[in-house]
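Within every chain, numbering begins at 1; the chains are lettered A, B, ... in the order of the sequence lines, protein sequences first and strands thereafter. Remember, predicted model here, so these are calculated numbers, not experimental data.
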2 protein chains.
Amino acid sequence: MEADFLAEMGYTGLTGRLKRLSDAFIYQTRDFYREHESDIEPNWHMIFLLLQKNEKMTVTEIADTLQLSHPAIVKLINKMKKRGYIDAEIDPQDNRKYHLMLSQKAIKKLPVLEQYWIAGEKALEELLGFNTRLLEEIKKLEDRMAEADFKTRMDKLLVNE
Amino acid sequence: MEADFLAEMGYTGLTGRLKRLSDAFIYQTRDFYREHESDIEPNWHMIFLLLQKNEKMTVTEIADTLQLSHPAIVKLINKMKKRGYIDAEIDPQDNRKYHLMLSQKAIKKLPVLEQYWIAGEKALEELLGFNTRLLEEIKKLEDRMAEADFKTRMDKLLVNE
DNA sequence: TACATTTACGTAACCAGTTACATAATAACT
DNA sequence: AGTTATTATGTAACTGGTTACGTAAATGTA
């Protein structure tokens, strides 16, 4: 097990480590789904939860709620539609809007998915040592990013350009 | 400022938040470079540092050091070559290997880049509230991932499949 | 009521990583 | 020395995000 260059770089390595961690979660979750349940993808999780809670949502509403761009949601939803997990109906009052909802196929699969989600949650608890310290630190970081983001701060801190 | 759905989800939202944070850093750094220095990209930073320290490295060495796949490094290096920041020479003993090094153009640009990197480091310090708590928590997570990764733990924790 | 603005969604091109596969050079073995 | 295994690099197709641009429907306004 060799040394971790990024970890040795202190602050400088942090952004790369965040990327590495985030990717690890995504790829491993995808692996997990593929072994257990062929055609579901990791980033559908939040869509399932959202539509389970709200029944019907538009593309824009989902994008806002998850703080992602709308094209990201469009791509995601199109794939879910193609695989039969999402139904859509046009808003009779406003023909630009689609109301998205879970299909019967999706609803039928929920109990199985919930088992996976629980396993994921438990795995994460283990990984975080059964405390919420990391969560809290990330919250602080998010809050500070909301006050003034990374670029704004870099611009400000760049000496004599 | 509406509520953050992901943050409200506790453990479940964490992976999405890591992705969101990581992306934010990447996109904002790219923005920063574009405004100040047209043709440099954020993920070149570690390559610059590595080749500044080691002078000559092969694709495989870089990939191992950064813990990325070799195709990732190939793509990255190709772009850096195309823009004239990397020179390569074939190993006379082993014709499969390329020794990569910073070009004169790259070396000449280092002082400017170092100003940017310092600004980034300071911005990160601010964002982390001038303490290393988050760094420490991430280190713990990485260590636990090395012991047993997310997928392994999910598999183990999945009840009665 | 016509025109301008905004909103909702879609598409294209890009970035940054992955896995899976291919190929050529070297090393290892018998 | 010839065959096999390994290593170094390259390529293709994919995931999952982005920004920039386009278009149609709805809304606001002169």
Side-chain angles (χ1 to χ4, degrees), chain A residues 6 15-31 33-35 39-47 57-64 66-83 88-100 151, chain B residues 6 15-31 33-35 39-47 57-64 66-83 88-100 151:
Chain A
L6 252 38
T15 58
R17 290 160 80 191
L18 285 178
K19 169 72 170 153
R20 214 165 53 183
L21 268 174
S22 163
D23 280 348
F25 280 119
I26 292 169
Y27 298 135
Q28 291 177 29
T29 307
R30 191 164 64 210
D31 246 47
Y33 278 119
R34 283 194 181 156
E35 276 177 29
D39 68 340
I40 298 250
E41 283 171 30
N43 55 351
W44 297 5
H45 185 172
M46 287 298 139
I47 308 287
M57 293 183 83
T58 67
V59 168
T60 305
E61 281 166 5
I62 294 176
D64 289 347
L66 298 181
Q67 295 176 224
L68 294 175
S69 68
H70 82 269
I73 307 301
V74 169
K75 278 206 269 185
L76 219 148
I77 290 294
N78 279 343
K79 191 175 271 183
M80 291 181 78
K81 272 186 195 162
K82 205 183 299 173
R83 302 227 182 122
E89 58 186 28
I90 292 177
D91 186 319
Q93 257 85 63
D94 184 341
N95 281 4
R96 292 168 308 178
K97 289 185 186 171
Y98 280 95
H99 292 287
L100 303 167
K151 179 169 176 304
Chain B
L6 252 37
T15 59
R17 290 161 80 191
L18 285 178
K19 169 73 170 155
R20 213 165 55 182
L21 268 174
S22 162
D23 281 348
F25 281 119
I26 292 170
Y27 298 135
Q28 290 178 29
T29 307
R30 191 162 64 207
D31 246 47
Y33 278 118
R34 283 192 182 158
E35 276 178 28
D39 69 340
I40 299 252
E41 282 171 31
N43 55 351
W44 298 5
H45 185 171
M46 288 298 138
I47 308 287
M57 294 183 82
T58 66
V59 168
T60 306
E61 282 165 5
I62 295 177
D64 288 348
L66 298 181
Q67 296 177 225
L68 294 176
S69 68
H70 82 268
I73 307 302
V74 169
K75 277 204 270 185
L76 221 147
I77 291 295
N78 279 342
K79 191 174 270 182
M80 292 180 78
K81 273 186 193 161
K82 205 184 298 172
R83 303 226 183 122
E89 58 186 28
I90 291 177
D91 187 320
Q93 257 84 63
D94 184 340
N95 281 5
R96 291 168 307 178
K97 289 185 187 172
Y98 279 94
H99 292 287
L100 303 167
K151 178 168 176 303

_Tell me the interatomic distance from K97(A), atom NZ, to dT6(C), atom C1', rounded to whole angstroms._
13 Å
*Any donor-acceptor N/O pair, T29(A) side chain to F25(A) backbone, under 3.5 Å*: yes
*Please give, in whole Å, the distance from dA25(D) C1' to N95(A) CG?*
7 Å
*Can you see which heavy atom on W44(A) is nearest to which on L76(A), and at what distance?*
CD1-CD2, 3.7 Å
*Report yes if at least one side-chain N or O of S69(A) is closer than 4.0 Å to OP1 or OP2 of dT19(D); otherwise report no.*
no
*Take atom NE2 of H70(B) and atom P of dT18(C), then tell me their distance rounded to the nearest Å.*
11 Å
*asked:* Check the phosphate of dC9(C) against T60(A), side-chain N and O only, distance under 4.0 Å to OP1 or OP2. Yes or no?
replied: yes
*asked:* Any donor-acceptor pair, under 3.5 Å, between the side chain of R96(B) and the base of dA25(C), if you only look at N and O atoms?
replied: yes
*Of all the choices, dT18(D), dT19(C), dT26(C), which nucleotide is nearest to the side chain of A72(A) once you look at every atom?*
dT18(D)
*Would you mind telling me which of dC9(C), dG10(D), dG17(C) lies closest to the side-chain atoms of K75(B)?*
dG17(C)
_Without decimals, in angstroms, what is the distance between L68(A) CG and dG16(D) C1'?_
10 Å
*asked:* Counting only side-chain heavy atoms from C-beta out, which of dA16(C), dT11(D), dG16(D) sits nearest to V74(B)?
replied: dT11(D)
_Quiz question: going by heavy-atom distance under 3.5 Å, is there a donor-acceptor pair between the base of dG16(D) and the side chain of K19(B)?_
no
*Looking only at side-chain N and O atoms, does K79(A) come under 4.0 Å of OP1 or OP2 in dG16(D)?*
no
*asked:* Which heavy atom of Y33(B) sits nearest to which heavy atom of P42(B), and what is that distance?
replied: CE1-CA, 3.7 Å
*Base, sugar-phosphate alone, or nothing: which one does P71(B) contact when heavy atoms must sit under 4.0 Å apart?*
base
*Can a side chain N or O of N43(A) be found less than 4.0 Å away from OP1 or OP2 on dT15(D)?*
no
*L66(B) and R20(A): which non-hydrogen atoms are nearest, and at how many Å?*
O-NH1, 3.7 Å
*Roughly, in whole Å, what's the span from CZ in F25(B) to C1' in dC15(C)?*
18 Å
*Between dG17(D) (C1') and L18(A) (CG): distance, integer Å*: 16 Å
*Write down the distance between CD (E41(A)) and P (dG17(D)), rounded to a whole number of angstrom.*
10 Å
*asked:* Given dA20(D), dT9(D), dA16(C), identify the nucleotide with an atom nearest to the side chain of I26(B).
replied: dA16(C)
_From NE2 (H99(B)) to CD1 (I90(B)), nearest 0.5 Å_ = 10.0 Å
*Report which part of the nucleic acid Q93(A) touches: base, sugar-phosphate, or nothing (heavy-atom distance under 4.0 Å, all strands).*
sugar-phosphate
*asked:* Both R30(B) and E61(B) contact DNA chain D. Taking the nearest nucleotide for each, which residue is further toward the 5' end?
replied: E61(B)
*Just compare dT18(D), dG17(C), dA26(D) and give me whichever is closest to any side-chain atom of Y27(B).*
dT18(D)
*Integer-rounded Å distance: dT7(C) P and D64(A) CG*: 11 Å
_Please give me the minimum heavy-atom distance between D39(B) and R83(B), naming the atom from each residue._
O-NH1, 2.9 Å
